[in-house]
Protein chains: 2
Amino acid sequence: MIVKTLEDSCDVFHLEAAKVSALKSTLLGDSSVVALAETFKVLGDTTRVRILDALSRAELCVCDIARLLGLSESAVSHQLRLLRGMRLVRPRREGRMIYYTLDDQHIVGLFKQGLEHVQERFRTGRGV
Amino acid sequence: MIVKTLEDSCDVFHLEAAKVSALKSTLLGDSSVVALAETFKVLGDTTRVRILDALSRAELCVCDIARLLGLSESAVSHQLRLLRGMRLVRPRREGRMIYYTLDDQHIVGLFKQGLEHVQERFRTGRGV
DNA sequence: TGCATATATGAACACATGCTCATATATGCA
DNA sequence: TGCATATATGAGCATGTGTTCATATATGCA
């Protein structure tokens, strides 16, 4: 639903008051906005993208992830803590080792959709 | 495709060398990872989420956005510059004013999918 | 029990980020 | 042309973020 602009003075709104309040009421609520931004923020880091991508394909322990991606085990552990906190990843203890897997199906979907966006961006001219 | 772990010594890998290289080759490439993280990073801020959400519903000029969302025009302008740079948003000049719209359909899809994730998170116990 | 190893955690530090404030640019109109 | 207004931009600052390094915890095994 597109609301057309009607007036031309920026002292107040360019939109009619009625349209403004209509628009305002359709906007995402605060909690949704916060949760959405928080979700995207977690995905907005190359290290976490790599970890989640790897875990979407195999159950891996901390040191495997570290080796596979060329990261320190501490760095991986810190990131896993964050991802655990957001329930994106789930640990499974087996002896001394702790194996992690992806614990949220939406991540794969978001990655897929994000990649479509990225690829169209390449197709339509502008690179990274 | 899930690769099962096989060995138990973290000196090297817990996975067989063959499985490791197989896994390695299925991982997202560097440029994809970078572009993906960059995309999510832009979406990982409440101000930008709000702006993009508003622009997905109406074409708005800078000061309308500022008023609608309770932000300074400067802050909005800075964010729009970023969003413009990433081609998520497109300006249209009309006299002194510049109207912005969403210039990327994937954003709406990503928001939708992100919200599904968020809502399931609420349903399954843990809040924000 | 005591040692080795896998993971977790805390502090510290370098760097990024988003805002504000001041100023520049651009358009419309008298 | 000159002034008012809409937007853009740059500098500066407070805050946030991701890593490393040192250390803690936990498990397996001799």
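The sequence lines fix the lettering, A, B, ..., with proteins before strands; numbering per chain opens at 1.
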Checklist entry - For B/E94 and C/dG28, what is the distance between atoms CD and P respectively, to the nearest whole Å? => result 10 Å
Checklist entry - Taking the side chain of A/R93 as its heavy atoms from C-beta onward, which of D/dT27, C/dA26, C/dG18 lies nearest to it? => result D/dT27
Checklist entry - Out of C/dG18, D/dG18, D/dA8, which has the shortest distance to the side chain of B/S77? => result D/dA8
Next on the checklist: How many whole angstroms separate atom CG of B/L71 from atom P of D/dT7?
Outcome noted: 14 Å
Checklist entry - For DNA chain D, what dot-bracket results from Watson-Crick or G-U pairs at under 3.5 Å, with [ ] for crossers and | for inter-strand partners? => result ||||||||||||||||||||||||||||||
Item to check | Rounded distance in Å - CZ (A/R81) to C1' (C/dG10) | outcome: 9 Å
Checklist entry - Would you call A/R50 and B/D30 a salt bridge, using N to O less than 4.0 angstrom? => result yes
Checklist entry - Do the side chain of B/S74 and the base of C/dC19 come within less than 3.5 angstrom through a donor-acceptor pair of N or O atoms? => result no
Checklist outcome for this item: side-chain contact (heavy atoms from CB on, under 4.5 Å) with B/H117: of B/Q113, B/Q119, B/R121, only one passes, and it is B/R121
Next on the checklist: From CG of A/D45 over to P of C/dT17, roughly how many Å is that when rounded to an integer?
Outcome noted: 11 Å
Checklist entry - If you check every side-chain atom of A/Q79, which of D/dA8, C/dT7, D/dG18 has the closest atom? => result D/dG18
Checklist entry - Quick one: which of D/dT19, C/dT7, C/dA8 gets closest to the side chain of A/C61? => result C/dT7
Item to check | Donor-acceptor pair present, A/H78 side chain and D/dT20 base, under 3.5 Å | outcome: yes
Item to check | Rounded interatomic separation in angstrom, taking CG from A/L83 and P from C/dT7 | outcome: 16 Å
Checklist entry - Given atom CE of B/M97 and atom P of D/dT5, what is their separation to the nearest angstrom? => result 12 Å
Item to check | Residue B/R96, side-chain heavy atoms: nucleotide from C/dT9, D/dT5, D/dA26 that is nearest | outcome: D/dT5
Item to check | Candidates C/dA8, D/dG10, D/dT20 - which lies nearest the side chain of A/S72 | outcome: D/dT20
